[in-house]
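These values consider heavy atoms only, across backbone and side chains, with no hydrogens, waters or symmetry-generated copies. Computed from a prediction, not measured in an experiment: that's the story for all the values here.
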Amino acid sequence: MNDTICAISTAIGVGAISIVRVSGEESINIVNKIFDKDLNKIKSHTINYGHIIDNNEIVDEVMLTLMRAPKTFTREDIIEINCHGGVATTNKVLELLLNNGARLAQPGEFTKRAFLNGRIDLIEAESIMDLIDSKTETQRKLAINGINGKISNLIKNIINNLIDINSNIEVNIDYPEYEDIEIVTKDKIEEISKYITKELSKLLDESENGKFIKEGINTLIIGKPNVGKSSILNKLINEEKAIVTDIAGTTRDIVEGQIRVNGVLLNIIDTAGIRDTQDVVERIGVEKSISLIEQADLVILVLNNNENLTKEDIDLLEKTKNKKRIIVINKIDLENKIELDKLNSENIIKLSALDNVDILKNKISDIYNLEELNDKDFTYLSNSREISLVKKAIEVSKNLEKSLNANVPIDILEIDIKEICEILGEIIGESYDDKLIDKLFSNFCLGK
């Protein structure tokens, strides 16, 4: 943390502008060696015109932004050099910085320093990466709420309440002769444990929305050969991605595509037709298709309107009965032979993939309330690390309530309260493991 780091913060390639970022206590001294103006005489948070120089030769004409600590992203001195875009020019500026005392930043190291220096918490840091990766407007809104600290403030508020309770417990321990204090403290513990369970359970219930916004809905299209799965995929993504023929077993491996429905990505997988087959390659595809059922968030089971239900159809209905699913009766332009009375499901739609599949998109939107999702405040958890810790905190909070009902001594209750504080502290990064932090920030791009 005592050295000065630098990296290219924009995508490498031809463009109008590239930005090279420098952060650390030696930033000004290092850049002064290659800039034709004295940065010590320049005001903080200003943009300055000048040239990058190497042995009295002009390397590039630049605009240089100077920001002195502590009012910067990393809370260190930061300089951003806006040079002309292009691989050779940008790399030359970076090379000069490295030759004059800076070292190349590790992936995510600027954001890591912002976290370690107390500029942002862990939720805000993860949300920065989410914002960079966002592909939809809903993903952007979700990330901005994380950066703005809405979720962090909720967690911090709970932690502060727990700290107040612990203060009461310490008074009980120090002054055990005052029984009325213990009664008041137990009442407060009961109140706060119910509050924690309620708030965190609500956050957890809504976290599914955050997961879908961030990662998309993994949607599996499954069914027998020749029921129209590939046609449905092609219509959904508006692209002839999957091969469509009348020959059974044409699709032997998964075919993937993406669409947006009300701002949420659908990660769609078309699978090999499910049937008994002696073809080794096709059989592998069928086994792979069946294995994907468990991993899917949503299953679209396609049946043929022009055929009676077969053993394969019945097997797939059984295998997907516990999944969130939509049963699609395809080929309604043909004679109706399917026995609808045997389908015990509420999400059944009829369509012809030869025409359009808008009814399917609308059904998906209804199932996940995607229209309403756009109107919410996006105060959601959005990654498995945060979600698993909240689940753990809820379990401890429920144990705390049980202990209260069992009249467990108040100093023992303090152990559960401290554990909840530590768990919630992990979410926002007040307590953390160095290896976890290194792994988390390694997923960032180099100049962030």
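Taken to the nearest 0.5 Å, the NZ atom of K337 stands 10.0 Å off from the CG atom of N305. The CG atom of D164 sits 11.0 Å away from the CD1 atom of I417 when rounded to the nearest 0.5 Å. Put simply, CD1 on I8 and CG on L97 are 10.0 Å apart, with the number rounded to the nearest 0.5 Å. The CG atom of N226 sits 9.5 Å away from the OG atom of S231 when rounded to the nearest 0.5 Å. Between the CZ atom of F115 and the CD1 atom of I128 there is a distance of 11.5 Å, given to the nearest 0.5 Å. Note that CD of E422 is 8.0 Å distant from CD of E426, once rounded to the nearest 0.5 Å.
Looking only at distances, no side-chain donor or acceptor of H45 sits under 3.5 Å from a matching main-chain atom of T72. Side chain of N330 to main chain of V302: no donor-acceptor pair is present (N/O by atom type, distance under 3.5 Å, no hydrogens or angles). Without hydrogens or angle criteria, R140 side chain to I132 main chain gives no donor-acceptor distance under 3.5 Å. Of the possible polar contacts, none joining the N218 side chain to the L298 backbone as a donor-acceptor pair under 3.5 Å is found. Looking only at distances, a side-chain donor or acceptor of E109 sits under 3.5 Å from a matching main-chain atom of Q106. In terms of modelled atom types and a separation under 3.5 Å, the side chain of D77 and the main chain of A69 share a donor-acceptor contact. In this structure, D333 contributes its side chain and S352 its backbone to no donor-acceptor pair below 3.5 Å. With hydrogens and angles disregarded, a donor-acceptor distance shorter than 3.5 Å links the side chain of T310 to the backbone of D313. Within the 3.5 Å criterion, the main-chain N or O of S193 finds a donor-acceptor partner in the side chain of S397. Checking side-chain atoms of D355 against main-chain N and O of L351 turns up no donor-acceptor pair under 3.5 Å.
Residues L316 and R325 approach most closely at O-NH1, 4.4 Å, considering heavy atoms. For A353 against K235, the heavy-atom pair with the smallest separation is O-CE, 3.1 Å. The minimum heavy-atom distance linking D121 with S152 is given by the pair OD2-OG, 2.6 Å. Listed here is the closest heavy atom pair of K350 and I359: O-CD1, 3.9 Å.
For S18, the side-chain contact (heavy atoms from CB on, under 4.5 Å) test picks out T10, C83, T90, with sequence neighbours left out. By the side-chain contact (heavy atoms from CB on, under 4.5 Å) test, K363 is found to be paired with I326, N347, I349, I367, residues two or more places apart in sequence or in another chain being considered. Applying the side-chain contact (heavy atoms from CB on, under 4.5 Å) criterion to L98, with sequence neighbours excluded, gives C6, L94, L104.
The existence of a salt bridge linking K323 and D297 is excluded, since no basic side-chain nitrogen approaches an acidic carboxylate oxygen closer than 4.0 Å.
A 4.5 Å side-chain heavy-atom check between I78 and T65 finds every atom pair outside the cut-off. In this structure, the side chains of E386 and E126 come closer than 4.5 Å at one or more pairs of heavy atoms. At a threshold of 4.5 Å between non-hydrogen side-chain atoms, the residues E401 and T197 count as touching. Annotation: side chain of I427 is in contact with side chain of I123 (closest heavy-atom distance under 4.5 Å). Residues V299 and K324 are not in side-chain contact: their nearest non-hydrogen atoms beyond the backbone lie 4.5 Å or more apart. The side-chain heavy atoms of R103 and T4, taken from C-beta on, include no pair separated by under 4.5 Å. For the pair L292 and I222, the minimum side-chain heavy-atom distance is 4.5 Å or more. Using a 4.5 Å heavy-atom cutoff, the side chains of M67 and F73 are not in contact.
Residues N306 and E335 bring no donor and acceptor atom of their side chains to less than 3.5 Å of each other.
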Report the C-alpha separation of Q258 and L266 in whole Å, then their side-chain angles, then the decisive distance to 0.1 Å, and conclude whether the side-chain contact (heavy atoms from CB on, under 4.5 Å) test is met. CA-CA 6 Å; Q258 280 189 332; L266 295 187; over 6 Å; no
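Residue K194 places its NZ atom among 12 or fewer non-hydrogen atoms of other residues, nucleotides or ligands, all under 6.0 Å distant. Around the NZ atom of K402, the shell of radius 6.0 Å holds no more than 12 heavy atoms that belong to other residues, nucleotides or ligands.
Between N157 and the options I155, I159, N161, a side chain to side chain contact (heavy atoms under 4.5 Å, CB included) holds for only N161.
For the pair R21 and F110, the cation-pi test (distance below 6.0 Å, angle within 45°) is passed.
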